[in-house]
Amino acid sequence: AAMMDLKGEFDVRILEDALKKRGDFEAIGGGSYLYSVEAQGQTAKPELAKNLIQIIEDAFLRRQIIHWCGERMRESWDGSFIDVDKTQVVVASWPEHIRRRAAEMLDLLPFRFRKTYDTPSLVDEVLGDFNELVQRKGKPRISTGYKGLDRIMHGIFPGRLVMIGARTKIGKTTFSLNIADNIAEQGCHSLIFTYESKRSEIIQKLISKHCGVDSARFVYWDEERIPAEEIDRIRNTAEFVKGLPIHFEGNPPDINYICQRTQHLKSLYPKLALVVIDGLQSFEGYVPYQGNKSDIYVEVLKKLKTLADN
């Protein structure tokens, strides 16, 4: 950038002065590096400026990364970091600390390497998505498995937060489970946080769906014995269900844990396409809010929307 500010011909000494004025002289390696470039015959004539800028930028970025990594190593060792107010702060949440620092590392990128949102780029992106849709014959990338629902929601895609509301025992959990099972058939993963239903009951429903046997068979039957064929089907289907890309969580309702766990599994399974939280009312006794119950849900939903967007 210092070389871009200079007009006409200039030598290494002029460049050195410009770098010092910008405060970048030490960052690119100081005088020893700059004069080593000159000794190699890389003079700073305008026709060579582009190449020399690249050399200096590469050295600057390397030193920035080394400095950044050194700071992160110190923070990891001490368990604390220096905030914007120059005060020492103990790391309260390592997952959140890692997420924030990872975002800061991307700030080291020169602006020309960052994604721009000019109109032509946006148009090309929209057209690319449309061309993919044409190839899929209008079908969504990930289908819910319900044509009517796909028609309304256009399938499953990132950034969407959907609430399902109904009275108790209407079938909200079963409906969500069916969607997770349907996208599993498409090779995508699901994560289900269950606070209302027992995980064993959900597994019973999955096995029942795939083997065509009433889920009541898992708890009671009137006959002295059930057909051997049904027993075999249940046992064989149980092995199949073990391989489904559906993950279950059931720890106490903690919205921060949900966000961190989801981000972790997304890093392990890039095809994680659906996260189900059953049910929202379970946060009532956990979130430290007083007053209107809706305050609890609003806070939880805000964090879930941020999670979906990211």
Side-chain angles (χ1 to χ4, degrees), residues 99 103 114-167 169-197 202 205-206 209-210 241 243-249 255 258-283 294 297-310:
R99 184 194 64 78
R114 304 183 190 185
K115 187 174 182 180
T116 58
Y117 294 94
D118 57 285
T119 301
S121 297
L122 291 173
V123 172
D124 289 341
E125 184 176 337
V126 170
L127 186 59
D129 290 340
F130 176 73
N131 290 334
E132 288 185 17
L133 184 63
V134 171
Q135 293 179 355
R136 298 195 306 269
K137 299 181 179 180
K139 302 299 187 294
R141 287 191 182 93
I142 305 174
S143 171
T144 64
Y146 296 93
K147 290 184 178 180
L149 188 60
D150 283 344
R151 191 176 302 114
I152 297 172
M153 295 180 54
H154 309 144
I156 303 290
F157 57 85
R160 170 169 285 171
L161 177 65
V162 178
M163 286 185 62
I164 301 175
R167 297 191 304 273
K169 301 299 181 182
I170 292 295
K172 301 185 296 294
T173 301
T174 302
F175 176 63
S176 301
L177 181 64
N178 284 342
I179 294 178
D181 189 39
N182 291 339
I183 70 171
E185 294 179 0
Q186 302 167 60
C188 295
H189 289 250
S190 298
L191 173 59
I192 300 178
F193 293 90
T194 172
Y195 304 119
E196 296 296 313
S197 303
I202 295 178
K205 291 179 179 179
L206 269 177
K209 175 187 175 184
H210 282 280
V241 169
L244 291 176
I246 303 177
H247 312 273
F248 296 93
E249 290 279 346
I255 185 58
I258 288 174
C259 294
Q260 294 168 8
R261 183 60 174 160
T262 299
Q263 290 169 341
H264 174 64
L265 282 186
K266 181 65 175 178
S267 67
L268 295 177
Y269 308 106
K271 288 189 176 182
L272 179 65
L274 176 69
V275 177
V276 176
I277 301 173
D278 178 31
L280 189 61
Q281 63 271 23
S282 302
F283 289 88
S294 63
Y297 304 142
V298 168
E299 181 67 16
V300 171
L301 291 174
K302 281 182 179 179
K303 292 189 175 182
L304 290 177
K305 180 56 179 172
T306 300
L307 176 65
D309 290 339
N310 293 333

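No hydrogens, no waters, no symmetry mates; every other heavy atom, side chains included, goes into these values.
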Checklist entry - Could you walk me through whether Ile142 and Leu274 pass the side chain to side chain contact (heavy atoms under 4.5 Å, CB included) check? => result CA-CA 10 Å; Ile142 305 174; Leu274 176 69; over 6 Å; no
Next on the checklist: If you apply the rule side chain to side chain contact (heavy atoms under 4.5 Å, CB included), what do you find for Lys205 with Thr174, and how did you get there?
Outcome noted: CA-CA 8 Å; Lys205 291 179 179 179; Thr174 302; 3.0 Å; yes
Next on the checklist: Please determine whether side chain to side chain contact (heavy atoms under 4.5 Å, CB included) holds for the pair Phe193 and Arg261, giving the CA-CA distance in whole Å, both sets of side-chain angles, and the decisive distance to 0.1 Å.
Outcome noted: CA-CA 10 Å; Phe193 293 90; Arg261 183 60 174 160; 4.2 Å; yes
Item to check | side chain to side chain contact (heavy atoms under 4.5 Å, CB included) evaluation trace for Leu122 with Val126 | outcome: CA-CA 6 Å; Leu122 291 173; Val126 170; 5.5 Å; no
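Between Lys209 atom NZ and Asn178 atom CG the span is 4.5 Å, to the nearest 0.5 Å. To the nearest 0.5 Å, the span separating CG on Leu265 from CG on Leu191 amounts to 5.5 Å. We find the CD-CD1 distance between Glu249 and Ile258 to be 9.0 Å, quoted to the nearest 0.5 Å. To the nearest 0.5 angstrom, Ile255 atom CD1 is 10.5 Å from Gln260 atom CD. Rounded to the nearest 0.5 Å, atoms CG (Leu206) and CD1 (Ile202) are 8.0 Å apart. For the atom pair CD1 of Ile246 and OG of Ser190, the computed distance is 5.5 Å after rounding to the nearest 0.5 Å.
Nearest heavy atom pair, residue Ala180 against residue Ile192, reads CB-CD1, 4.2 Å. Across Ala273 and Cys188, no two heavy atoms sit closer than the pair CB-CB, 4.0 Å. Across all their heavy atoms, Leu272 and Lys266 have their closest contact at O-NZ, 3.1 Å. Here the closest heavy-atom approach between residue Thr173 and residue Ser197 is recorded as OG1-OG, 3.6 Å. The two residues His189 and Ile183 have their closest heavy-atom pair at O-CD1, 4.0 Å. Between Pro140 and His154, the shortest heavy-atom distance links the atoms CB-O, 3.4 Å.
In this structure a side-chain-to-backbone donor-acceptor pair under 3.5 Å is missing from Asp181 to Leu177.
A heavy-atom distance below 4.5 Å is found between the side chains of Leu149 and Phe175. By the 4.5 Å heavy-atom criterion applied to side chains, Tyr269 and His247 are counted as neighbours.
In summary, Lys172 and Glu196 do not engage in a salt bridge, as defined by a charged side-chain N under 4.0 Å from a carboxylate O.
For the side-chain contact (heavy atoms from CB on, under 4.5 Å) criterion with Ser176, the lone passing option out of Asp278, Ile277, Ile164 is Ile164. Screening Glu185, Gln186, Met153 against Ser143 for a side-chain contact (heavy atoms from CB on, under 4.5 Å) leaves a single residue, Gln186.
Atom NZ of Lys271 has 12 or fewer neighbouring heavy atoms from other residues, nucleotides or ligands inside a 6.0 Å radius.
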